[in-house]
Number of protein chains: 4
Amino acid sequence: MDAATSLCVELGFAATTIEAIAARAGAGKQTIYRWWPSKAAILIEGVEIQRDARAGFPDTGDLRADLRTQTSNVLRLFDSDFGAIWRGLIAAAQNDTAAADGVRRILRVSIDECIGRLEKGVKDGQLRPGLDLELVVELIYGPMYHTWLLRTRPVNASYMNQVLDALAPALFIT
Amino acid sequence: MDAATSLCVELGFAATTIEAIAARAGAGKQTIYRWWPSKAAILIEGVEIQRDARAGFPDTGDLRADLRTQTSNVLRLFDSDFGAIWRGLIAAAQNDTAAADGVRRILRVSIDECIGRLEKGVKDGQLRPGLDLELVVELIYGPMYHTWLLRTRPVNASYMNQVLDALAPALFIT
Amino acid sequence: MDAATSLCVELGFAATTIEAIAARAGAGKQTIYRWWPSKAAILIEGVEIQRDARAGFPDTGDLRADLRTQTSNVLRLFDSDFGAIWRGLIAAAQNDTAAADGVRRILRVSIDECIGRLEKGVKDGQLRPGLDLELVVELIYGPMYHTWLLRTRPVNASYMNQVLDALAPALFIT
Amino acid sequence: MDAATSLCVELGFAATTIEAIAARAGAGKQTIYRWWPSKAAILIEGVEIQRDARAGFPDTGDLRADLRTQTSNVLRLFDSDFGAIWRGLIAAAQNDTAAADGVRRILRVSIDECIGRLEKGVKDGQLRPGLDLELVVELIYGPMYHTWLLRTRPVNASYMNQVLDALAPALFIT
DNA sequence: AGTTAACCGAGACGGTACGTCGCGTCTTGTT
DNA sequence: AACAAGACGCGACGTACCGTCTCGGTTAACT
């Protein structure tokens, strides 16, 4: 009954209760507990399913442009209903090991997709060789998450362009 | 009654209740509510007081070394009791505007301190001129928070050295 | 600050708090506690003062008529604001010895006034001699309080006339 | 959980809290609230159950003797644990409509039992015909409740004998 | 006239109980 | 057999008052 993610969108993560999810889903609480150990687990599964539906990393041959496209897509996602849920899950992960595992599992896939594209960039002679690509992902997405989670200033496409431009001398060839 | 931060350290942010804080502090619940609107507010005040006690940014004249020193100090802090509280506050900030304001207020000071040191670095000819220094802070601390909050891999001094080294071509002169 | 009896009238005895009395009286709570040990004590004093203002038992020479007049007056009192307070005090007296003393003190005066009139009735040859007059008071007022406190049916002047008529063979001479 | 009436006996009505009742009953507070709206409601139900267990009015054929027996029984009850609870309930009824309804409901049964016996007394030619029997009940029990609730003097069997003797000319034949 | 003490309003304090909410477990009746 | 429905023991919530306790500020009395 992932239609219960709707509650999370309507009321926010914190105000979403398992009781309400069960009621909204027309299910008994027990049934919920039979399938998921916690509220976070339900939403993680929801996110994973939705994620599988969404496709991978763009590849037009121009790495820098693709990174711009992809970060812009991610930001659009963060601005949508998904953003509220993702925020809540990251928050939950700070106090709940299981949630942290779920969050990490979700991120792993996205990071690996990104790393895959970066590897192609190296092959294409667009990305400096010898870089720890996991680190490159963090250099790019770190500022985004920092600004998005800590709300120090608005995060949008132009912000990410600034980030990518600033990182350019460190990452890209010519 | 900031000695109630001890509970947060012992039990974690989520398991810390205002009831327990009051009991530990030998105070009535009402007294707590008279002074702070929420658990987060108490801890934010505690963090701010402690922060005021701690000093500012190192300045040896060598910007890169100072950044290494400072990030290393911050990481040590994150590994200490403070880390658990800070984690909890950032989590709370995701679902609570007031907490978010407090977190932002705390961060602002640290960021401004960092920006101050970066400005000196520009004057000293160690940092590239023309950079948005707020952005530079995010380039440096973004990866740190990303990795620390999302727990994708361990964060330690050597990790931050990697980050600074990777950023070097983008930030530093020669 | 017996103007605080107004609160009792407005909100009922149970909902009247010493805090509210103090606020309404424009006094500090401490000042209230300096003068009275409890809410009941305040109201008892208020009742006593008001009682002293009201006069005694009617005496037209016709005992039966006087009893009708007096019971009717009492009932009118019970229907007024005083009734609500008196009800509350009697209730409080069930769980509070001090309140019980106050209630008994107030009643004593009224009962003695009634007994005084009854004694005159004996002298006048209207009341059977040899009766325990305290008991006679109870025979008359007992049904009234029973019906008023337990609310088994409406109490009004005609009810009291029935009571007096029914008691007549037991009390009055011809 | 009528075993919670024990608390009322031990501590008195006023000092009995729903919290303590729940604890003593080994139940959650919510469970108490699910079944009864207030402390008074619990005790009323307890009294009603106990009342159903106790039998009705004695009938030896001698009305006056039966009234003596019954009032004496009632007084013994008032002196027992039940007395404390009944006192508290009558007190509560003064400020609480629901409690008043409960008290009235309980009384109704007893009054009707008494009226039943009085009717037989009329048939047997022991009680004056033409009396409002409801009123007769009040003439008998009114003094008892008056004296018991207002504590103007001790109530005991000999007191009730005095009452019945005094009422005799008004009520009984020969 | 200046100082001092008593008393006051205001309201913070440590508590206790309130009535509500949601937890995770359990029982019951239905399909 | 799995399910919805929801009761259950529990624990924390945030609120209301309790009775006690400082606080300043204002009188009033007495040097």
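A, B, ... follow the sequence lines: proteins, then strands. Residue 1 opens every chain.
- Following rounding to the nearest Å, D:D96 (CG) and E:dG19 (P) show an atom-to-atom distance of 11 Å.
- Where D:A15 and B:G28 each meet DNA chain E at their nearest nucleotide, the meeting point lying more 5' is that of B:G28.
- Inter-residue side-chain proximity for C:R87 and C:W148 is flagged as met; some heavy-atom pair is nearer than 4.5 Å.
- Mapping C:A20 and B:I18 onto DNA chain F via the closest heavy atom, the residue that lands nearer the 5' end is B:I18.
- You'll find the side chain of C:L43 reaches within 4.5 Å of the side chain of C:F13, heavy atoms only.
- Toward the 5' end of DNA chain F, the nearer of the two residues C:E19 and B:E19, judged by each one's closest nucleotide, is B:E19.
- For B:Q30 against F:dA16, a side-chain-to-base donor-acceptor contact under 3.5 Å is present.
- B:V155 places none of its side-chain heavy atoms less than 4.5 Å from the side chain of B:F78.
- Note that the two end axes of the helix from E:dA1-F:dT31 to E:dT31-F:dA1 enclose an angle of 0°, each drawn from 5 base pairs, rounded to 10 degrees.
- Residues C:Q94 and D:I90 fail the side-chain proximity criterion, which asks for heavy atoms closer than 4.5 Å.
- An OP1 or OP2 oxygen of F:dC8 is reached within less than 4.0 angstrom by a side-chain nitrogen or oxygen of D:W35.
- One can place CD1 of A:I42 at 13 Å from C1' of E:dC23, the figure rounded to the nearest angstrom.
- Rounded to whole Å, the distance from OH on A:Y33 to C1' on F:dC8 is 14 Å.
- Contact between the side-chain N/O atoms of C:R34 and the OP1/OP2 oxygens of E:dC7 is not found at any separation under 4.0 Å.
- C:K29 contributes no side-chain N or O that forms a donor-acceptor pair with the base of E:dG9 under 3.5 Å.
- Counting to the nearest Å, the C1' atom of F:dA12 and the CG atom of B:L11 are 14 Å from each other.
- At whole-Å resolution of the value, CH2 in A:W36 and C1' in E:dC23 are 18 Å apart.
- The CD1-P distance, from B:I32 to E:dG15, rounds to 12 Å in whole Å.
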Please table the atom pairs, donor to acceptor, closer than 3.5 Å between any side-chain atom in residues 96-103 of chain A and protein atoms at least two apart or in another chain.
from   : atom 1 : to     : atom 2 : distance (Å)
A:D96  : OD1    : A:A98  : N      : 2.9
A:D96  : OD1    : A:A99  : N      : 3.2
A:D101 : OD1    : A:R104 : NH2    : 2.5

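- Looking at B:R24 and B:E10, a side-chain N of the basic residue comes within less than 4.0 Å of a carboxylate O on the acidic one, giving a salt bridge.
- Using a 4.5 Å cut-off on side-chain heavy atoms (C-beta onward), B:E45 and B:Q50 make no contact.
- When the nearest nucleotides of DNA chain E are assigned to A:T17 and C:A23 by heavy-atom distance, the more 5′-ward of the two goes with C:A23.
- When the nucleotides F:dA4, E:dG19, E:dC13 are ranked by their closest atom to the side chain of A:A27, F:dA4 comes out on top.
- Considering only side-chain N and O atoms, A:T31 lies under 4.0 angstrom from the phosphate OP1 or OP2 of F:dA4.
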